[in-house]
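Report on the structure given below.
FYI, the numbering just counts along the sequence from 1. None of the values given here were measured: they were computed from a predicted structure.
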Amino acid sequence: MAEAEMSDAMKETVAELCLDAGPQTPRDISSKIGLNTVEFTMAPEASELNLCNIHTHTNAEHKGPGFSVFVNDTDSGGYACNDTDTLTDFELMDPYQGLGAYKGVKPGDTIEVHWVHTSCDITPGEGLGSCLSETCTDPLLRVEAQVFLVVNDPENALDFTKMAYGGNMVDGKHQAKMIPSDTGTPVIFRGSTTGPSYDQSTCSALSVTWSVRPSCARVDISSLHRWAESGNVFNETKSHGVRQLVTAPELLSPIE
């Protein structure tokens, strides 16, 4: 009887999963396990694509070796950088006292930055709609992701404006000025779009190639506010919520 009841419960759990979708994101990048066999063409390197959008999520959506501290399971949850509790009083001081131009983030927070790239011939802009066009409705999409610990440290932490766009073109492609290359070898896998409107029963239909770096870096809080103050073309003025970690193997692609 117990075995039958357990079997029914397992069936009910599986039935709640959106199994008609392709592989989902975010995930624990330390685990290669995945049972979702839906395949799509992997996007080429970001340098061969056009940057179409940059945005951030407060707390990391992914879980990784450098950001494995669970916050909570709400839209404001996710994961924090492992060294968050080592910050000094100076690093935690908010020079804007919560009144900066970029909302939803303060010193001591973790953010996950997504540089979204597309195979469409587009101009970077607001939201993921900027990654498609009327003549390019099914692009190859690639997200370069980096998790940051936000600190008050203009001298030593990274300047976000130097990782932004600002009209930068390289070999005819819209490109970020810089994306960190010293935070470990990115984990590359098939997945989807993220954000708090999705979970394991409501899945994203878009196919995305992900490239997620495994370690945190530090970014200066003032540089985030300057980015918002500058009137960036993405119209990003606040950090977004998170989609909770996808843990069902049926919704995860295997990582090679």
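- Remark: the backbone N or O of Gln175 is paired with a side-chain donor or acceptor of Asn168 at under 3.5 angstrom.
- For the residue pair His117 and Glu144, no side-chain donor N or O sits within less than 3.5 Å of a side-chain acceptor on the partner.
- For the pair Pro124 and Leu51, the tightest heavy-atom approach, listed with the atom from each and the gap, is CG-O, 3.0 Å.
- With Tyr102 as the partner, the side-chain hydrogen bond (donor to acceptor under 3.5 Å, both in side chains) test is satisfied by one option alone out of Asn232, Thr56, Thr237: Thr56.
- Residues Ala217 and Thr183 approach most closely at CB-CG2, 4.0 Å, considering heavy atoms.
- Distance alone, capped at 3.5 Å, is enough to place a donor-acceptor pair between the Gln200 side chain and the Thr247 backbone.
- Sulfur atoms SG of Cys52 and Cys131 are positioned under 2.5 Å apart.
- Among Thr110, Ile221, Thr58, the one residue that satisfies the side chain to side chain contact (heavy atoms under 4.5 Å, CB included) test with Val150 is Ile221.
- Side chain of Arg190 to main chain of Val38: no donor-acceptor pair is present (N/O by atom type, distance under 3.5 Å, no hydrogens or angles).
- No donor-acceptor pair under 3.5 Å is formed between the side chain of His62 and the backbone N or O of Asp28.
- A side-chain hydrogen bond (donor to acceptor under 3.5 Å, both in side chains) with His240 holds for exactly one of Arg243, Lys238, Glu236; it is Glu236.
- Remark: Asp171 CG to Met169 CE distance equals 9.5 Å, nearest 0.5 Å.
- For CD1 of Ile33, the number of neighbouring non-hydrogen atoms (other residues, nucleotides, ligands) closer than 6.0 Å is 12 at most.
- At a cut-off of 3.5 Å, with distance as the only test, no side-chain donor of Glu16 or Ser201 sits close to an acceptor on the other residue.
- Remark: the backbone N or O of Val242 is not paired with any side-chain donor or acceptor of Gln244 at under 3.5 angstrom.
- Contacts of Thr41 classified as side chain to side chain donor-acceptor pair (under 3.5 Å), with partners at least two apart in sequence or in another chain: none.
- Of all heavy-atom pairs spanning Asp75 and Pro196, the tightest one is CG-CB, 3.5 Å.
- Smallest separation of non-hydrogen atoms from Pro95 and Ser222: CG-OG, 3.8 Å.
- A 4.5 Å side-chain heavy-atom check between Thr25 and Val143 finds every atom pair outside the cut-off.
- Aromatic pair Phe234/His55: ring centres not closer than 6.0 Å.
- Judged by distance alone, the side chain of Arg213 and the main-chain N or O of Pro180 form a donor-acceptor pair under 3.5 Å.
- No side-chain donor-acceptor contact under 3.5 Å links Glu91 to the backbone of Asp153.
- Nearest heavy atoms, Asp94 versus Lys106: OD2-CB, 4.4 Å.
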Criterion side-chain contact (heavy atoms from CB on, under 4.5 Å) on Leu87 and Arg218, from CA distance to verdict: CA-CA 11 Å; Leu87 296 179; Arg218 295 190 177 192; 3.5 Å; yes

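- Of the possible donor and acceptor atoms, one in the side chain of Asn82 sits under 3.5 Å from a partner among the backbone N and O of Ser68.
- At least one donor-acceptor pair closer than 3.5 Å links the side chain of Ser230 to the backbone N or O of Trp227.
- More than 12 heavy atoms of other residues, nucleotides or ligands shown are found within 6.0 angstrom of CG on Asp73.
- Closest approach of Asn36 and Ala21 over heavy atoms only: ND2-O, 3.5 Å.
- Contact annotation: the side chain of Ile29 approaches that of Phe189 to within less than 4.5 Å [non-hydrogen atoms, C-beta and beyond].
- Under the 4.5 Å side-chain criterion, counting only non-hydrogen atoms from C-beta, Thr118 is not in contact with Leu132.
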